[in-house]
Amino acid sequence: MRWSQAHIPTLREAPADAEAVSHRLLVRAGFIRQIAAGSYTMLPLGQRTRLKVERIIREEMDAIGAQEMLLPTLHPADIWRKSGRYDLMGDNLFKLKDRKDTDMVLGMTEEEIFALHATEIFSYRDLPQIWYQMHIKFRDEPRPKAGLLRVREFTMKDSYSLDIDWAGLDVAFEKHREAYKRIFARLGLSAVDVEASSGTMGGSESVEFIQRSEAGEDWIVTCDGCGYRANLEKATSALVPIEDGESTSIEKFPTPGLRTIKALAEAFPEVAAPERQIKTLVYVVDGQPTLILLRGDHELHEQKLIDHTGSTNVRPAHPEEIRELLGADPGSLGGVGVTHAPIIADNALRGRRNMTTGANEDDFHYKGVEVERDIPVGDWADLRTVALGDRCVECGSALDLWKGIEVGHIFKLGTKYSEAFGAIVQDEHGDSHPIVMGSYGIGVERNMAAVVEANHDDAGIIWPATIAPYEVVVTLVRPDDPAVKEAGERLYSGLLANGVDVIIDDREERPGVKFADAELVGIPFRITVGPKGVAEGKVELTIRRGLETEEVGLDQVVAKVTELVTAGRQLGR
RNA sequence: CGGGCUGUGGCGCAGUUUGGUAGCGCGCUUGCUUUGGGAGCAAGAGGUCGUCGGUUCAAGUCCGACCAGCCCGACCA
């Protein structure tokens, strides 16, 4: 490609509404343009990189025996009603009607359709299978953000494994885990696999791949001591034991105007330190008002509540609902003697004595509360949010807490969809079993953005050679100088002949403009051809990462750069 | 959905307080000069001021409604 003929609209300044580094750089370097919130055009450079990302994913999927298919994105709503996800997905599912007034949806993931195709498998002899596609997904996100990191329309590689039993699923799951590690390594990412919640997918186990980044939206808990890694929505931690003293009797006492854990602790330090208090929250869980009990200094993690109760709709109760239920306002709530609403307590409250909690009477609390004696807890669960400084359950080391981007997610679905769609096979004894499924996703454009987040400097993007839009740029310092022109064209043709993705910057621009553009776009190798060098039979080779430059003989440079490019393509393999 | 903010040439912004017929930088076009880190001079092109309605002799500016986009939160395979 000749830069003079390419559409590479670089910008000196980023649009004011771009905040995330990857968003700013991908726009400035001419890879993407926004069309609507969470909706982007891939310009020529963006499309080149996107196709290379797809190619890597395809190679690794094919390597584990996966077969590529292509399903429609436009689905009849009935298929989604059949799995129950038409309502479950709520407003995130794009819904529309066709001209005959039939309800349709745009696919946001395709377990349903793949399960439907799995109904054409009848025998264990035809299993296992891994099917995948590289396709557009639509999600009506409540809040698209950060350029390509959270969008409403994007390309996803989604694959689905079909097995006769759970042992088979385990195999497919681990195959995907390893394939994903190879994919991320080849993309230049250092993503790690962490335990995660399954959310609305259903299923027994899920693992997310997270690239550490300040632009990320997920909080990850890791342990350097033993390698424990989990999403905050799933993570657990060990607590320092607390000495509660002898058992005492429960006693109500006045606490006028004290409505917060902190205020109560300051007023009654001897009986109401935060770790001696029971925090009482009222949540409406699938329509059922429910008391949630935590230690005073702990925070609820709503996803844990959702996962534990298997509910789909969870929200804090409104103040009026709370007063109606308990007869008091927030600040004086407690579980003592409450039998007309379910009570779920966090495990950290097990066995605790001499606690303080609200008396369900404004301005009064109880002290001397013994949780299991005085409160009719119906259900114990891990509900608290792990905090910085907590210790590892496995090994006791201090846990680390950091932010990251979810670049991939793999799920053990089980039989939810095969049962819903009747994907049943017979085993060698003639017994029928629903197919055991797994589901595995990678967001293509989000991965592009994650690579930029992880690979850039002040000058711009630093693409790994594996997915750079061009591997080499030949920069003509003086394209009007016949010797420079001739030498540059010779290098260009030589590299093309060697199968290198090369672009020649033959624009009639000042050198500074060309250098700045090459660095902004992030091309891994730059060969600078200038009059002085050519006269001496030399050119300069600049490595984008680090921007170090060396002189290379005109006659050697094609071979040398071809070698470097070839080595760069091996990244992560 | 709650809170905050923003819509003026391709990009970044001023102008709105105090209504008078739209401006700056970058980019773009042409010419001359320049040519190893985002050039200089000169002449140009380009704007329904987010949309609709209202007030007024007159609206980018005042009033109302709506739309879009961004940020925080909620939400999120």
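Chain A is the first sequence line, chain B the second, and so forth, proteins listed ahead of strands; every chain is numbered from 1. Everything numeric in this text was worked out from a predicted model, so none of it was measured.
- When the P atom is used for both B:rU6 and B:rG15, the distance is 12 Å, rounded to whole Å.
- Judged by the 6.0 Å and 45° rule, A:Lys137 forms no cation-pi pair with A:Phe154.
- Remark: B:rC32 base-pairs with B:rG40; criterion is Watson-Crick or G-U wobble with both hydrogen-bond distances under 3.5 Å.
- Following rounding to the nearest Å, A:Arg33 (CZ) and B:rG69 (C1') show an atom-to-atom distance of 16 Å.
- Contacts of A:Glu406 with the nucleic acid, taken as non-hydrogen atoms under 4.0 Å apart, involve only primed sugar atoms and P, OP1 or OP2.
- Looking at heavy-atom distances under 4.0 Å, A:Lys514 makes no contact with the nucleic acid at all.
- At a threshold of 4.0 angstrom between heavy atoms, the contacts of A:Phe154 include nucleobase atoms, whether or not backbone atoms are also involved.
- The residue A:Glu519 sits close to a base: some heavy atom pair falls under 4.0 Å.
- Listed nucleotides B:rG36, B:rC11, B:rG37 differ in distance to A:Glu13; the shortest reach to its side chain belongs to B:rC11.
- Side-chain N/O atoms of A:Arg150 and base N/O atoms of B:rC76 include a donor-acceptor pair closer than 3.5 Å.
- In this structure, the nucleotide among B:rC75, B:rC72, B:rG38 sitting nearest to the side chain of A:Arg143 is B:rC72.
- Atoms CG (A:Asp218) and P (B:rC75) sit 13 Å apart, rounded to a whole Å.
- Nearest nucleotide to the A:Val513 side chain, out of B:rG38, B:rG69, B:rG36: B:rG38.
- Within 4.0 Å (heavy atoms only), A:Ala196 reaches no atom of the nucleic acid at all.
- Here the nucleotide nearest the side chain of A:Arg510, chosen from B:rC70, B:rA74, B:rA39, is B:rA39.
- When heavy atoms are screened at a 4.0 angstrom cut-off, A:Ala516 is found touching base atoms of the nucleic acid.
- Crowding of A:Asp91 atom CG: a count of heavy atoms from other residues, nucleotides or ligands under 6.0 Å not exceeding 12.
- Distance noted for atom C1' between B:rA22 and B:rU48: 14 Å (whole Å).
- Rounded to a whole angstrom, the distance from the C1' atom of B:rA45 to that of B:rA65 is 37 Å.
- One can place CD of A:Glu299 at 15 Å from C1' of B:rG73, the figure rounded to the nearest angstrom.
- Among the heavy atoms of the strands lying under 4.0 Å from A:Asp517 is at least one base atom, whether or not backbone atoms are also near.
- Taking the side chain of A:Glu141 as heavy atoms from C-beta on, and the options B:rG36, B:rC76, B:rG25, the nearest nucleotide is B:rC76.
- As judged by a 4.0 angstrom heavy-atom cut-off over every strand, A:Arg526 is placed among the base-contacting residues.
- Checked against B:rG38, B:rG37, B:rG12, the side chain of A:Arg12 finds its nearest nucleotide in B:rG38.
- Partner of A:Trp131 under the side chain to side chain contact (heavy atoms under 4.5 Å, CB included) criterion, out of A:Met61, A:Glu68, A:Gln67: A:Gln67 alone.
- On the P atoms, B:rC41 is 11 Å away from B:rG25, given to the nearest whole Å.
- Applying the side chain to side chain donor-acceptor pair (under 3.5 Å) definition to pairs two or more places apart or across chains, those involving residues 440-452 of chain A are A:Arg50-A:Glu445, A:Thr155-A:Glu445, A:Ser161-A:Tyr440.
- Among B:rC70, B:rC72, B:rC13, the nucleotide with an atom closest to any side-chain atom of A:Lys145 is B:rC72.
- Between the A:Thr49 side chain and the A:Gln47 main chain, no donor and acceptor come within less than 3.5 Å of each other.
- The gap from the P atom of B:rG38 to that of B:rC26 amounts to 14 Å, rounded to the nearest Å.
- Summarising the local packing, NZ of A:Lys532 is surrounded by 12 or fewer heavy atoms from other residues, nucleotides or ligands at distances under 6.0 Å.
- Among the heavy atoms of the strands, none lies under 4.0 Å from A:Ala518.
- The same atom, P, is picked in B:rG73 and in B:rC49; the two are 36 Å apart, to the nearest Å.
- The separation of B:rC11 from B:rC70, taken at their P atoms, amounts to 14 Å, rounded to a whole angstrom.
- Across all strands shown, A:Gly441 has no heavy atoms under 4.0 Å from either base or sugar-phosphate atoms.
- By the 30° and 60° cut-offs, the orientation of the rings of A:Phe184 relative to A:Tyr180 is perpendicular.
- In the set B:rA39, B:rA74, B:rG69, the nucleotide with an atom closest to the side chain of A:Pro142 is B:rA74.
- Atoms CZ (A:Arg24) and P (B:rC70) sit 15 Å apart, rounded to a whole Å.
- Contact annotation: A:Gln34 does not reach the phosphate of B:rA68 (side-chain N/O to OP1 or OP2, under 4.0 Å).
- Remark: the separation of the P atoms in B:rU51 and B:rA59 is 15 Å, to the nearest Å.
- Residue contacts for A:Pro15: at a heavy-atom cut-off of 4.0 Å it reaches the sugar-phosphate backbone alone, with no base atom in range.
- A:Glu302 comes within 4.0 angstrom of the backbone, heavy atoms only, and of no base.
- The closest donor-acceptor contact from the side chain of A:Arg24 to the backbone of A:Ala18 lies under 3.5 Å.
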